[in-house]
Amino acid sequence: MAGAGPPHYAPWPPPPGHNPPSMIDVDEVRTIFILGFPPDAKERELQNLLRWWPGYEASQMNFKGEQPMGFALFSSAAAAMAAKDALQNLVFDYETNSTLRAEMAKKNLYVKRGVTGMGTEAQLFDQSKRLRTAGDYTPHYGPPGPFGAPSPASWVPQSYGMPPLQSAAQPLVTPVAPVGYVPMQNMKDNPPCNTLFVGNLGENTSEAELRGIFSGQPGFKQMKVLRQGRNTVCFIEFVDVNSAVAVHNNLQGAIVTSSDRGGMRLQYSKNPFGRKRDFMNNQDGGAPGVTTSDTST
DNA sequence: AGCACA
């Protein structure tokens with residue numbers, strides 16, 4: 001059971017101008033990081049472990065590597081340290097003999113406004129601006145725009161004072177903002193659906209860049225990259241059609257730095273995710289795409 | 001100008 005639905009997903013990225021840095025003492029580290037979880041620990045378990053602690057604000061589980069790493073942000077350094085001590089050597093799971101270790105982090109956990117530990121660290125840039133910084137083909141890790149979002153790497157702790165744990169703490173995804181756009185005429189497209197097809201990608205297009213671009217988009221679910229000789233294509237699934245439509249429009253022609261063809265072409269997929277049953281049953285020779293199921297009215 | 005996976 002998935003419970004009562006998604007708790008607090010932000011349906012759309014916050015507009016620019018959020019999180020005024022002057023409001024908070026940014027110098028004070030009030031984040032702890034926690035190790036020792038069993039490999040199957042869930043982010044929700046971390047949240048539920050900490051949510052009643054005084055001053056708890058947000059947490060996040062990082063699943064790089066063998067064992068999950070938890071990060072938790074508190075309202076003050078004192079609250080963070082108290083929680084750190086409370087968690088120290090806590091037996092998390094008797095079956096797997098998992099004992100937690102906690103330390104102060106080097107940097108504070110970066111939390112998107114309104115999101116507490118939901119694990120999507122990729123930042124959105126202001127899509128309405130259609131940043132056109134062509135000339136600069138340096139991959140930007142973080143938007144060049146009005147608000148520079150810190151790369152997730154910036155808050156990954158350096159693990160000092162403890163045995164060499166996961167010093168290889170890498171970000172799961174490095175957010176990538178397109179450096180610019182080229183006009184893209186989209187000749188034949190398909191009816192809107194929850195899956196986008198990405199074309200006009202060169203053979204050495206980096207999957208990491210694509211993931212950096214798309215995984216932070218609102219409603220992103222999963223993506224798959226396909227190499228086809230000197231072409232690369234990519235499928236991106238979204239939670240709903242509206243999310244796909246937004247990205248289809250906003251990122252059309254966005255420049256993919258690792259591609260040698262400039263802008264990407266975004267189309268709706270012919271075979272969207274989650275439709276297998278439908279189109280398998282529609283073998284009556286009728287027009288594909290016309291389904292008998294009605295989702296509206 | 002290229003549409004996989006369930």
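Values below: every heavy atom of this structure, side chains too, minus hydrogens, waters and symmetry copies. Chain letters run A, B, ... following the sequence lines, proteins first and then strands; every chain starts at 1.
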So, does A:R265 use its side chain to make a donor-acceptor pair with the main chain of A:G199 at under 3.5 Å? no

Using heavy atoms to find the nearest nucleotide of DNA chain B for A:K224 and A:R261 separately, return the residue whose nucleotide is more 5′. A:R261

Nearest-Å distance, CD (A:Q228) to C1' (B:dA1)? 11 Å

Can you check the A:N194 CG to B:dA6 P distance for me, whole Å? 16 Å

Rounding to an integer number of Å, can you tell me how far A:L210 CG sits from B:dA4 C1'? 15 Å

Rounded to whole Å, how long is the line connecting atom CD of A:Q185 with atom P of B:dA1? 13 Å

In whole angstrom, what separates A:R275's CZ from B:dC3's P? 19 Å

Would you classify A:Q267 as touching base, sugar-phosphate or nothing, given that sugar-phosphate means primed atoms plus P, OP1 and OP2, and contacts are heavy atoms under 4.0 Å? base

When you get a sec, tell me which of B:dA1, B:dA4, B:dC3 is the closest nucleotide to the side chain of A:N231? B:dA1

Students often get this wrong, so: under 4.0 angstrom with heavy atoms, is A:T195 touching a base, only sugar-phosphate, or nothing? base

Which part of the nucleic acid does A:R265 contact within heavy-atom distance under 4.0 Å: base, sugar-phosphate only, or nothing? base

Per-pair stack call A:F235 and B:dA4, 5.5 Å, 30°: yes

Whole-Å distance separating the CG atom of A:L196 from the C1' atom of B:dC3: 12 Å

Could you check how far CG of A:D189 sits from P of B:dC3, rounded to whole Å? 14 Å

Look only at the side chain of A:E209 and the backbone of A:S258, and say whether a donor-acceptor pair between them is shorter than 3.5 Å. yes

Please name all residues satisfying side-chain hydrogen bond (donor to acceptor under 3.5 Å, both in side chains) with A:D93, sequence neighbours left out, ordered by chain then number. A:T96

Rounded to whole Å, the CG-P distance (A:L266 to B:dA1) equals 17 Å

Between A:T232 and A:G202, is there a donor-acceptor pair closer than 3.5 Å when you use the side chain of the first and the backbone of the second? yes

Under a 4.5 Å cut-off applied to non-hydrogen side-chain atoms, are A:L251 and A:F214 in contact? yes

